[in-house]
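Report on the following structure.
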Amino acid sequence: MLPHESATLHVTGEAVYIDDIPTSEQLLHGRVVYSPHAHAKIKSFDLEEAKKVDGVFAVLCYKDIPGHNDMGPVFKDEPVLASDTVNCVGQAIFLIAAENETIARQAEKLIKIEYEILEPILTIEQAIKKNSKLQPSRKIECGNIEKGFKEAKHIIEGELRTGAQEHWYLETQTCLCIPGEGNEITAYSSTQHPSETQAIIAEVLHIPKHEVEVQIRRMGGAFGGKETQANHTAAWAALLCKATNRPVKIRLFRDDDQKITGKRHPFLFKYKVGFDDDGIITAIDEEQNTDGGCATDLSMAILERAMMHADNSYFIPNMKIIGHAWKTNLPSNTAFRGFGGPQGVACMETIIDRIARYLKKDAAEIRFKNFYKISDRNTTPYGQLVEQNRLYLLWDQFYESSEYSIRRKAINEFNNKNEFYKKGLALTPVKFGISFTTSFLNQAGALVNVYKDGTVLVNHGGTEMGQGIHSKIQQIAAWEFGVSTDRIKVNATNTSKVPNTSATAASSGTDLNGMAVKNAIDTLKKRIAAVVGNEFRKKYDGEKTTRDEHIRFENDFLFDQDHQERKIKFEDAISIAYLQQTSLSATGFYKTPDIYFDREKGKGKPYHYFAFGMAITEVLLDTLTGHHQIVRADILHDVGESINPRIDIGQIEGAYIQGVGWCTTEECKWDAKGNLLNHSPDTYKIPNVQDIPKDFRVQLLKGASNHNTIRKSKAVGEPPFMLAMSCWLAIKDAISAIGNHKLEPDFSLPATNEVMLLSIDKIKLQLLY
Amino acid sequence: MINENSTIQFLLNDKQVSINYNQVNNFSPTTTVLQYLRNLPQTKGTKEGCAEGDCGACSVVIVSLNVENKLEYKAYDSCLLFLPMLHGKQLITVEYLKSKNELHAVQQAMVDTDGSQCGFCTPGFIMSLFALYKNSKNPSREEIDDALTGNLCRCTGYRPIIDAAIKSCSNHRQDHISENEFEVIEQLQKINQLKETNSFFTATQKYHKPHALADALKLKFSFPQALVVSGATDVALRVTKKHELLTEIIDISGVEELKNRIEENDRIYFGAGLNLEDVRLKTENSLPALHKMLNVFGSRQIRNRGTLGGNVANASPIGDMPPVLMAHNASVILESIYGKRELKLTEFITGYRTTQLKPTEIITGIKIPKPDKNIILQSYKISKRKDLDISTVSAGFSLQLNNESIVVDIKMYYGGMAATTKEPLQTKQFLIGKKWERKTIEEAMQLIDQEFTPISDARSGAEARKIMARNLLLKFWTETKIK
């Protein structure tokens, strides 16, 4: 199996990111001047002194925007540059283009601006109090919760908080804009969504979309952080480029990137669960409150996915989920791997964990009992049937191989013997819906060109951010054409090659674009087969004739499957096709079949299929310092038939570790004025090499091919992120051991050592009295 | 004394480079090596991830001649290096590793193990792996982890990168870089012949790079306001993050006399210019508590630059070294052209980032008494992330018990609990004369709680800091109690 298609370029430093693109001496440095206040009225400003600085080519404010002053992706509530009020620290107000950074900074200091400070809303509680909502609330409901609670023998209520997470892509937001003739502009943007970047630039500059070309070869990480918010940097660079008619590059400095851009949505959950003596859930009443920040961005879709993952892998006969997206004076929170799913799952797994502690049973047992069943108890709260349920296949292969019960016993013994070190263990499953819940987004296009030397250039709408989409597309194209992968090159993603694409998001990149590429290749193969069929019929004139549809493409040859001696090299076939005036370029298209969702009713079949996985994590906790070590992690994950196991394993491991970061050390704190305190890696701690499991066992589920997807595969980008729940709950299990599992520990996400130590201290106090 | 030859010379991979600050206007003496590389067309492999030494995407390897005229390969964060620090060295960037069309062993291993996904952090990892490859055969997992601690990857989860380290370093071959060593040695010797001070004057900045201690002291006398740097791992941030113009700098990193380690009868002397990695490697047996703290101090790249003198001079309340050094009863040696003086570290640091250092003085060494067999020394550090993080709370303890387990003396220095490293004196007084047992400790923990009023910040709230402080005393007890 092949490595990542760019692996050699990565290791030699030859891979080109936006900031590495050779530029001319005309290039100007673009700088964003942003608000230092969370909420304020702009009373007046004066840019004259700044404009006078030698080497400054433009200082722009909202009045200088030729088109719409808005860069919101769905809801238009996000100004490109603030006009009369600022709504968060980090909101852009002015733009500067200068010869270099030093001059730009010098100019920034000369900008005069007067604010009238307004009271900010900085927490979900404050927003609730002021009823500050981004959009109307949502509801998903099934069964009858009153009835469900009546049937319950036990009822637990509680709250859970999950924190923000900074994407911390290694490459910060970057865009290079180059002016063309007339209205033309080319943007090299580190974006997951080139078509939207193109649209926003066009709207902001007030020019038609066909004047704007957006290209991205690769991103240095994205994780959702460049799905909509790359548009911002692109819009700013485009404005400066048009104002100066010179190339302009904006690359956000790390601290600015962390301050300006949105994060994973923090949530505050309130839940009530009813269950019987066996721990089988009869009803859940759940309220989801999310902090969307100062603009809608993708908050409603994220909330929707959080609500649709409130069940995780469990059948809840009676469930009501209310979702509110609150408007606060923080940067607009945005997409991040899992897109609300992890938050929804965290609440459900907390509920299960609490039921187990309440009933003094093992949590894995409670999980198993509540799993979606195969032929009944298999409808989600939003009405979709859980088909091709892999939970039992996973459980059967996993429970034994991970030695769960043996380890549980050993851990209990360890905990009985040790006062200050405790071990914890947790098994958590994931069921993750694959498709954009906004159904029309589930479409993709491709443009495949075959050149006269028999090489192939594949264009598709997906963007490469490290996940290996181009590698998988290259393989798909090679398989479909029956040629070696070195014949196939996947081009940089470009809006002038494939138009009107959806974001590379929702883990769907390969599913959608792979199908579109296949579709284009099918068209080309038909044309080429017709030419070759003719050739064969001419050459092998006999009783048995060659049928075009029986021509096969394999091993860099075309042959007649009925007469295998009738054979021609791929490049020779292409050469003949060209001479016979055949089009060797074709577009392809794909839309996911049979999916729909009715938002009003909260019902439908929003997902093409579900991806499943299971993880067990064992931690060792030093209860005096709050330092933990992942002793061992086992993962078994369902990717259908893997297109590239090396890449899929990489996605699973990487997602799990990123999830561990969200659950443990990654913490965003704001001060009372709305300033982000953790705005650099100095205080924002993503996992490093020392934090990974000492024993890490990751496997792909075998014998579970998917239906009706490209090469029977499954999406893999996001689902394994949620497997980190097992780490989070293993830590809670270790804390719980201090009170001999009789006391419910205070717990929130991330479980930083601060959270742990406070929780441990409280348990110790409770034990004293 | 001052050779106002404003030209620095170094090797950039295999090419000799001279930069004359009087003739170039796009670089200043405080231009970082990263900024320099990003400005050249052929060295875009080196990436900026954070510009503060926390992510390692800008890692490079710098090759220096050691005293035996052999080449030493070490990884550094190029964002924390000022260009003049390259003088007389070879700078190796990721572009140099491939020879003809063959990948270097560490590069091939990274391809084979899927060590890259988005690829942005990869050149930095490659350089850390290259340094590891040059310095160890068959490294242990601990050594690999340590060599990679200074590099962040957001995609892979690190497992494949560890595998790449194992794969490449266990199958050691001569690389093309070793083949050119002879020439490199010759070239570096030539540049390093001149042992005079290099001073770079621009319209706004003075940057002096002395090679002899006497010269450094004279410079400090002539330019008392000058900032003395050696590793500059902290000072560089004033340039890269705060965009300060540092007008006068004396860079003592080239002064070999400050890099001695001398065993005296009852003390061990460390030159202030010794880098922390060297100190770490030399203290495993002699000063285990200090060594333990250094194991979680920054990253390999940071320790390769940062010095013991610098960490002490910083006088940060969350500096890793002061608590353990104070527990060791360490002293600081200060020198000026007028002479030498020695101060206890506890006296040297006077408050939040303030010390008794006079404008004409330079810290030249740290003296640590050899631990008495009857004294138990220990250090602890609590941070949000275990490695490459700044302390939330740290502590250095020194305990002397008599035969009946009665506390004869105790030192308990805490970092992160006040504006400066602080000892809870009432608790200390309470403990002296008491039996070293759980009951005593629990009472002392209540006292500690009353003695400190820590702040809440990005790292932790005040309440958790208090828990940490008292828990560390308990932890110390659990590790010292007589069974």
Side-chain angles (χ1 to χ4, degrees), chain A residues 3-4 6-15 17 20 22 105 168-171 218-221 223 253-255 420 465-468 624-627 646-647 649-650 653-654 656-658 665 667 669 677-678 680-683 685-692 696 752-754 757-758 761, chain B residues 41 44-47 49-52 54-55 57 93-95 97-98 103 107 110-112 114 116-123 126 145 148-149 152 154-162 241 243 380 382 384-390 457-461 463-464 467-468 471-472 474-475 478:
Chain A
H4 193 286
S6 291
T8 304
L9 299 175
H10 293 156
V11 300
T12 55
E14 291 165 34
Y17 301 82
D20 306 332
R105 285 181 180 280
W168 232 87
Y169 26 66
L170 261 287
E171 177 208 35
R218 63 173 63 75
M219 286 165 269
F223 316 109
F253 188 67
R254 173 62 63 188
D255 293 55
F420 300 112
M465 58 198 94
Q467 86 282 38
L624 293 178
T625 62
H627 284 162
R646 290 173 63 170
I647 285 173
I649 293 274
E653 290 179 345
Y656 172 82
I657 296 298
Q658 199 172 63
T665 56
E667 185 181 31
K669 284 186 175 180
L677 296 175
N678 320 66
S680 82
D682 172 19
T683 48
K685 307 313 267 188
I686 70 168
N688 84 358
V689 69
Q690 308 258 13
D691 300 318
I692 74 165
F696 201 4
T752 57
N753 51 5
E754 177 176 13
L757 289 173
L758 291 170
D761 218 48
Chain B
K44 301 273 194 204
T46 309
K47 309 295 185 205
C50 68
E52 61 172 41
D54 269 308
C55 81
T93 66
V94 68
E95 288 82 6
L97 263 54
K98 189 169 91 173
L103 295 180
Q107 293 174 315
M110 280 284 273
V111 172
D112 294 342
D114 305 303
S116 71
Q117 285 185 22
C118 85
F120 201 85
C121 70
T122 311
I126 292 290
D145 283 357
L148 300 176
T149 290
L152 294 179
R154 193 54 154 165
C155 297
T156 63
Y158 304 98
R159 193 273 311 155
I161 305 175
I162 296 167
K241 300 205 61 172
H243 308 281
Y380 300 101
I382 301 181
K384 197 178 276 179
R385 188 174 66 198
K386 282 198 305 294
D387 301 274
L388 184 47
D389 196 357
I390 290 166
D457 64 6
R459 295 190 175 86
S460 177
E463 202 188 335
I467 296 172
M468 290 173 193
N471 278 1
L472 286 184
L474 179 59
K475 191 167 178 61
T478 66

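Every chain is numbered from 1, with letters handed out A, B, ... down the list of sequences. Heavy atoms only: backbone and side chains are in, while hydrogens, waters and symmetry mates are out.
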Checking heavy atoms, do the side chain of [X], its backbone, both or neither come under 4.5 Å from chain B?
{"X": "Tyr656(A)", "value": "neither"}
{"X": "Pro687(A)", "value": "both"}
{"X": "Asp20(A)", "value": "both"}
{"X": "Ser6(A)", "value": "neither"}
{"X": "Ile647(A)", "value": "neither"}
{"X": "Leu677(A)", "value": "both"}
{"X": "Glu14(A)", "value": "side chain"}
{"X": "Asn688(A)", "value": "both"}

So, [X] side chain and [Y] main chain: donor-acceptor pair closer than 3.5 Å or not?
{"X": "Tyr158(B)", "Y": "Ile692(A)", "result": "no"}
{"X": "Glu653(A)", "Y": "Gly157(B)", "result": "no"}
{"X": "Asn753(A)", "Y": "His627(A)", "result": "no"}
{"X": "Asn678(A)", "Y": "Lys669(A)", "result": "yes"}
{"X": "Glu52(B)", "Y": "Ser680(A)", "result": "no"}

Which atom of [X] lies closest to which atom of [Y], heavy atoms considered:
{"X": "Asp145(B)", "Y": "Val689(A)", "result": "O-CG1, 3.3 Å"}
{"X": "Phe120(B)", "Y": "Ala57(B)", "result": "O-CB, 4.4 Å"}
{"X": "Cys121(B)", "Y": "Leu170(A)", "result": "CB-CG, 3.9 Å"}

Quick one: of [options], who has the most non-hydrogen atom pairs under 4.5 Å with chain B?
{"options": "Pro22(A), Gly221(A), Gly468(A), Gly654(A)", "result": "Gly654(A)"}
{"options": "Thr12(A), Ile649(A), Val11(A)", "result": "Val11(A)"}
{"options": "His4(A), Arg218(A), Arg105(A)", "result": "Arg105(A)"}
{"options": "Arg646(A), Arg254(A), Met465(A)", "result": "Arg646(A)"}
{"options": "Gly626(A), Ala15(A), Ala7(A)", "result": "Ala7(A)"}

Checklist entry - Does any donor atom in the side chain of Thr752(A) or Glu754(A) lie under 3.5 Å from an acceptor atom in the other side chain? => result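 No, no side-chain donor-acceptor contact under 3.5 Å.
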Next on the checklist: Quiz question: by atom type and distance under 3.5 Å, do the side chains of Ser116(B) and His10(A) form a donor-acceptor pair?
Outcome noted: yes
[X] versus chain A, the contacting section by heavy-atom distance below 4.5 Å:
{"X": "Leu97(B)", "answer": "neither"}
{"X": "Thr156(B)", "answer": "backbone"}
{"X": "Lys384(B)", "answer": "both"}
{"X": "Lys475(B)", "answer": "both"}
{"X": "Ile161(B)", "answer": "neither"}

Sort out for me which of [options] touches chain A most, counting heavy-atom pairs under 4.5 Å.
{"options": "Glu95(B), Met110(B), Met468(B)", "value": "Met468(B)"}
{"options": "Leu152(B), Leu103(B), Leu148(B)", "value": "Leu152(B)"}
{"options": "Gly45(B), Ala464(B), Gly461(B), Gly119(B)", "value": "Gly119(B)"}

Item to check | Residue that, paired with Leu624(A), satisfies side chain to side chain contact (heavy atoms under 4.5 Å, CB included) out of Leu472(B), Ile382(B), Asn471(B) | outcome: Asn471(B)
Next on the checklist: salt bridge (Lys or Arg N to Asp or Glu O under 4.0 Å) for Arg159(B) and Asp114(B)? Distances and angles first, verdict last.
Outcome noted: CA-CA 9 Å; Arg159(B) 193 273 311 155; Asp114(B) 305 303; over 6 Å; no
Next on the checklist: Please enumerate all residues that pass salt bridge (Lys or Arg N to Asp or Glu O under 4.0 Å) together with Lys44(B), with sequence neighbours excluded.
Outcome noted: none
